[in-house]
Amino acid sequence: MAAVFLHKKRKPRLEQGHPWVYKSEIERVDGEVVPGQLVPVQTHLGQYLATGYYNEASQITVRIVSYKPLEAMTTDFFVERFTRCLQHRSRFVKEAKSYRLVYGEADFLPGLIVDKFEDTLVVQILTLGMDRCREQIVAALVQVVKPAGIYERSDVSIRELEGLEQTKGLLYGECPKHVDILENGLRIRVDIEEGQKTGYFFDQRENRAAIAPLMTGWGYRSGIELREVEHEGAMQTLPVNANGKVVTFPYWDGASVLECFSHTGSFTLNACKFGAKKVTCLDISEHAIESARTNVGLNGFEDRVEFVVADAFEYLRTQVKGLDERKVRANAGSGGQGKKIDTSKPVAEGGRTWDVVILDPPAFAKTKSAVEGACRGYKDINLHGMKLVNEGGYLVTASCSYHMHPELFLETIHAAATDAGKILRLVEFRGAGMDHPRILGVDEGHYLKFAIFEVRSK
């Protein structure tokens with residue numbers, strides 16, 4: 001039987017639970033190995049460590065699937081693994097019927113992603129070893145989950161690094177193009193055929209709910225307060241404005257919110273659910289905005305949401321430029337010193353501000369070499385975003401770039417705050433949700449950073 005032997009001087013990552021063996025760590029391979037085949041991995045002395053599938057074409061040459069000898073990834077093997085996956089989700093996201101069922105390495109199934117959308121499963125197969133087991137994977141999912149249909153979304157470029165073509169299509173049963181799911185009590189329509197990745201991002205479920213405390217408590221800014229007044233012939237405690245009139249708008253205490261990179265509008269939906277007064281939902285993609293518009297309509301929030309199709313960087317810069325010009329004009333009008341302003345010219349476009357600004361961009365750094373450019377991108381967008389937060393408001397910001405490590409992410413935002421003349425108070429710092437577990441020592445699984453900052457001026 002073929003076997004992989006590791007270099008004597010390599011780092012003991014495998015013994016510490018990391019499931020990848022790089023080509024540079026391998027001293028030799030004894031015997032003939034068919035690409036995708038399972039092989040035992042041994043120390044240079046021949047001590048057994050683990051079993052994984054082999055692909056010489058990949059820099060990650062072996063991906064570990066078992067720490068006990070294993071001859072094949074059979075249907076029974078996948079049944080056992082999927083049962084464990086289902087048990088974990090039943091414990092930690094038991095109220096949900098839609099979630100990430102299989103999360104690759106973290107579920108001891110490297111190269112395999114399975115998302116559950118009600119009774120439809122979407123499968124993403126990323127590696128040669130898993131690709132060879134497509135039939136066993138489908139059979140096991142049918143046995144364990146009993147879905148109405150299974151759809152494959154392996155239309156991702158990472159497959160090409162494994163020598164595989166991109167592919168997508170029906171694997172089992174019947175799958176509608178759109179599936180309605182419930183998340184945090186909100187109805188969301190997912191496009192499993194054309195949506196990003198598998199159609200929806202479950203990793204921010206708990207983070208979306210975490211914005212709840214930010215959505216109310218803003219009425220005082222408009223001079224509104226609760227008072228006991230006579231109304232309709234009886235004394236009642238009601239919101240009253242500075243002129244003593246009763247405020248009838250039900251969201252009088254809600255925040256004004258800007259969500260950039262909205263995709264399906266998931267943060268917008270949660271903002272409205274938790275009491276936001278007005279939400280600006282922005283994405284560069286018209287398809288994404290149409291998706292967000294549909295979801296807003298499904299939940300009856302149309303009267304509180306405006307939609308903008310624009311590049312987030314340009315939109316934020318435009319708002320900051322308009323805000324700066326208004327400040328200069330206001331200063332000149334109050335007798336302040338400085339450059340004279342030609343007030344005959346129209347005021348620059350933009351100048352809006354919000355109580356809460358939410359930034360959830362796509363990954364800026366997909367490779368280690370892209371980190372420097374990613375830092376500039378994160379700094380730029382957070383700098384402009386925090387400038388548009390009303391005094392004492394909140395910046396909600398995230399990064400899904402694994403190469404942007406948590407410490408670097410916070411350092412970058414701190415640098416942006418320094419340049420913007422702001423002081424940030426970190427209220428909460430989070431990662432991915434409970435259906436995205438992380439194996440300690442596998443830093444690649446710690447990709448998502450989510451932070452809530454209070455924004456103050458110096």
Side-chain angles (χ1 to χ4, degrees), residues 204 207 211 214 218 255-263 265 267-268 271 276 278-285 288-289 292 305-331 347-365 370-401 404 408-427 429 449-458:
Q204 296 257 42
N207 298 340
I211 68 172
L214 315 181
W218 302 96
S256 59
V257 180
L258 168 64
E259 181 194 5
C260 294
F261 310 99
S262 65
H263 188 218
F267 275 102
T268 289
K278 188 74 176 179
V279 183
T280 303
C281 180
L282 180 148
D283 200 286
I284 195 171
S285 164
I289 287 298
V305 181
E306 61 173 345
F307 299 94
V308 178
V309 177
D311 178 89
F313 286 88
E314 290 301 320
Y315 184 83
L316 294 176
R317 288 192 195 105
T318 297
Q319 301 307 320
V320 170
K321 183 178 179 182
L323 185 63
D324 289 343
E325 184 173 318
R326 281 166 171 76
K327 288 178 180 177
V328 170
R329 288 192 178 219
N331 187 48
V347 178
E349 186 181 353
R352 294 180 63 184
T353 59
W354 291 265
D355 298 320
V356 180
V357 171
I358 302 172
L359 306 174
D360 183 23
F364 291 161
V371 170
E372 186 176 344
C375 286
R376 289 194 296 269
Y378 284 116
K379 181 178 179 182
D380 182 78
I381 199 163
N382 280 282
L383 185 149
H384 288 89
M386 67 182 70
K387 282 186 175 182
L388 300 177
V389 175
N390 292 326
E391 184 68 19
Y394 296 89
L395 174 71
V396 179
T397 184
S399 167
C400 58
S401 300
M404 190 79 174
L408 181 58
F409 180 59
L410 291 174
E411 287 171 10
T412 301
I413 294 173
H414 190 194
T418 300
D419 289 356
K422 302 292 184 180
I423 295 175
L424 301 183
R425 285 207 299 175
L426 180 59
V427 177
F429 193 77
K449 286 77 59 181
F450 174 88
I452 298 175
F453 294 99
E454 183 190 55
V455 181
R456 295 280 182 183
S457 298
K458 289 182 179 177

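Excluded from the calculations below are hydrogen atoms, water molecules and symmetry mates; all remaining heavy atoms, backbone and side chain alike, are included.
- Considering only residues two or more places apart in sequence or on other chains, F313 meets the ring-ring contact (aromatic ring centres under 6.0 Å, His included) condition with F364.
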Under the side chain to side chain contact (heavy atoms under 4.5 Å, CB included) rule, what do I358 and C260 come out as? Steps first, then yes or no, please. CA-CA 6 Å; I358 302 172; C260 294; over 6 Å; no
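- To the nearest 0.5 Å, atoms OG (S457) and CG (N390) are separated by 10.0 Å.
- Note that CE of M386 and CG of L424 are 4.5 Å apart. Values are rounded to the nearest 0.5 Å.
- Taking CG from L323 and CG from L316, the interatomic distance works out to 12.0 Å, rounded to the nearest 0.5 Å.
- Ion pairing of E306 with R352 is present here, as a side-chain N (NZ or NE/NH1/NH2) and a carboxylate O approach within less than 4.0 Å.
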Full working for side chain to side chain contact (heavy atoms under 4.5 Å, CB included) between L408 and C375: CA-CA 8 Å; L408 181 58; C375 286; 3.7 Å; yes
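- Considering only heavy atoms from C-beta on, L282 stays 4.5 Å or farther from S262 through its side chain.
- Atoms CD1 and OH, from I284 and Y315 in turn, are 14.0 Å apart once rounded to the nearest 0.5 Å.
- In summary, the side chains of E259 and T280 do not present any donor paired with an acceptor at a separation below 3.5 Å, with no hydrogens or angles considered.
- By the 4.0 Å N-to-carboxylate-O rule, E325 lies too far from K321 to be salt-bridged with it.
- Exactly one of I211, T268, L214, V356 qualifies for a side chain to side chain contact (heavy atoms under 4.5 Å, CB included) with V257. That residue is V356.
- At a cut-off of 3.5 Å, with distance as the only test, no side-chain donor of T397 or Y378 sits close to an acceptor on the other residue.
- Note: C281 SG to H263 NE2 = 11.0 Å, rounded to the nearest 0.5 Å.
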Please report the C-alpha distance between T418 and H414 in whole Å, then the side-chain angles of each, then the deciding distance to 0.1 Å, and finally whether the side chain to side chain contact (heavy atoms under 4.5 Å, CB included) criterion is met. CA-CA 6 Å; T418 300; H414 190 194; 4.0 Å; yes
